[in-house]
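Worth knowing before you read on, the calculation uses all heavy atoms, side chains too, and leaves out hydrogens, waters and symmetry mates.
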Amino acid sequence: QVQLVESGGGLVQAGGSLRLSCEVSGRTFSYYRMGWFRQVPGKEREFTAGITWGDHRTLYADSVKGRFTISRDNANNTVYLQMNSLKPEDTAVYYCAASTVVGDIKNRSNYRYWGQGTQVTVSS
């Protein structure tokens, strides 16, 4: 069984930074594509960032490009989301997700395993 556990969320002022972590346990982590999604009440969960397993190619939503960085440490089964220059509109619950399929990395239906989410709140 695969489990994903996020940490690192919290309250930060606009312009500040946070680093989210997602630790994966269970099957071999290095075979998973990993993604971060976020959701605010009343809206669909949206793709934020993704990273492939072998060559660590990354993809970002336009809204976070240049401010967020996704990375992974296969040796420690952990994926990170470094968030800089945070804005109030980044406030959301952030979810880590793992995919074993080759498909659109932005499509949440391609992700089989999900964490419980961590709240990020950015004050103005």
Side-chain angles (χ1 to χ4, degrees):
Q1 183 168 347
V2 177
Q3 289 188 321
L4 284 69
V5 179
E6 302 103 332
S7 61
L11 174 65
V12 65
Q13 287 188 330
S17 298
L18 282 174
R19 188 194 197 199
L20 304 184
S21 299
C22 173
E23 185 172 354
V24 182
S25 61
R27 292 171 56 188
T28 305
F29 170 75
S30 60
Y31 294 122
Y32 294 123
R33 286 183 161 190
M34 299 299 299
W36 286 96
F37 291 74
R38 65 187 185 183
Q39 188 171 23
V40 298
K43 292 190 175 181
E44 291 189 350
R45 194 170 298 185
E46 65 176 13
F47 172 79
T48 303
I51 187 167
T52 59
W53 57 78
D55 53 4
H56 293 199
R57 283 184 294 114
T58 58
L59 187 66
Y60 298 94
D62 288 343
S63 59
V64 306
K65 201 173 294 184
R67 299 186 298 121
F68 290 12
T69 303
I70 187 172
S71 61
R72 63 189 297 162
D73 180 348
N74 287 350
N76 290 304
N77 295 344
T78 304
V79 63
Y80 303 98
L81 186 67
Q82 178 66 44
M83 306 185 295
N84 298 329
S85 301
L86 282 161
K87 304 175 181 180
E89 51 263 45
D90 294 318
T91 295
V93 176
Y94 283 72
Y95 296 89
C96 173
S99 169
T100 57
V101 301
V102 177
D104 184 0
I105 201 169
K106 302 183 301 296
N107 189 339
R108 65 179 186 269
S109 65
N110 287 332
Y111 291 81
R112 180 175 181 181
Y113 305 106
W114 292 84
Q116 81 287 351
T118 185
Q119 176 71 46
V120 171
T121 302
V122 184
S123 63
S124 57

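Considering every non-hydrogen atom in both Asn84 and Ser17, the closest pair reads OD1-OG, 2.9 Å. The minimum heavy-atom distance linking Arg33 with Thr52 is given by the pair NE-CG2, 4.1 Å.
The salt bridge (Lys or Arg N to Asp or Glu O under 4.0 Å) pairs that include a residue from residues 7-26 number zero, where partners must be two or more places apart or lie in different chains.
Residues passing the side chain to side chain contact (heavy atoms under 4.5 Å, CB included) test with Ser71 are Tyr80, sequence neighbours excluded. Val2 meets the side chain to side chain contact (heavy atoms under 4.5 Å, CB included) test with Leu4, Val24, Arg27, Tyr32, Tyr113; sequence neighbours excluded. For Ser25, the side chain to side chain contact (heavy atoms under 4.5 Å, CB included) partners at least two apart in sequence or on another chain are Gln3. The side-chain hydrogen bond (donor to acceptor under 3.5 Å, both in side chains) search around Asn107 returns Ser109, not counting sequence neighbours. A search for side-chain hydrogen bond (donor to acceptor under 3.5 Å, both in side chains) contacts involving Arg112 returns nothing, not counting sequence neighbours. Under the side chain to side chain contact (heavy atoms under 4.5 Å, CB included) criterion, Val120 pairs with Leu18, Leu20, Met83, Tyr94, Val122, not counting sequence neighbours. Remark: Asp62 engages Lys65 in a side-chain hydrogen bond (donor to acceptor under 3.5 Å, both in side chains) (not counting sequence neighbours). Not a single side-chain hydrogen bond (donor to acceptor under 3.5 Å, both in side chains) links Thr69 to another residue, sequence neighbours left out. Applying the salt bridge (Lys or Arg N to Asp or Glu O under 4.0 Å) test to Lys106 and every residue at least two apart in sequence or in another chain returns Asp104.
No donor-acceptor pair under 3.5 Å is formed between the side chain of Gln13 and the backbone N or O of Ser123. Using a distance-only test at 3.5 Å, with no hydrogens or angles considered, no donor-acceptor pair links the side chain of Gln39 to the main chain of Ala92. Using modelled atom types, one side-chain atom of Arg108 and one backbone atom of Arg45 make a donor-acceptor pair closer than 3.5 Å.
In the hydrophobic clustering, where aliphatic and aromatic side chains (Ile, Leu, Val, Met, Phe, Trp, Tyr) are joined below 4.5 Å either directly or transitively, Ile105 groups with Phe37, Phe47, Leu59, Val93, Tyr95, Tyr111, Trp114.
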Donor-acceptor pairs are to be reported for all side-chain atoms of residues 96-103 against protein atoms at under 3.5 Å, with residues two or more places apart or in another chain.
unit_1, atom_1, unit_2, atom_2, d
Ser99, OG, Val101, N, 3.3
Ser99, OG, Val101, O, 3.4
Ser99, OG, Asn110, O, 2.7

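No side-chain heavy atom of Leu81 sits less than 4.5 Å from a side-chain heavy atom of Arg38. In this structure, the side chains of His56 and Asn74 come closer than 4.5 Å at one or more pairs of heavy atoms.
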Verdict with reasoning, Arg67 to Tyr60, per side chain to side chain contact (heavy atoms under 4.5 Å, CB included): CA-CA 10 Å; Arg67 299 186 298 121; Tyr60 298 94; over 6 Å; no

Evaluation steps, side chain to side chain contact (heavy atoms under 4.5 Å, CB included), between Val40 and Thr91: CA-CA 7 Å; Val40 298; Thr91 295; 5.8 Å; no

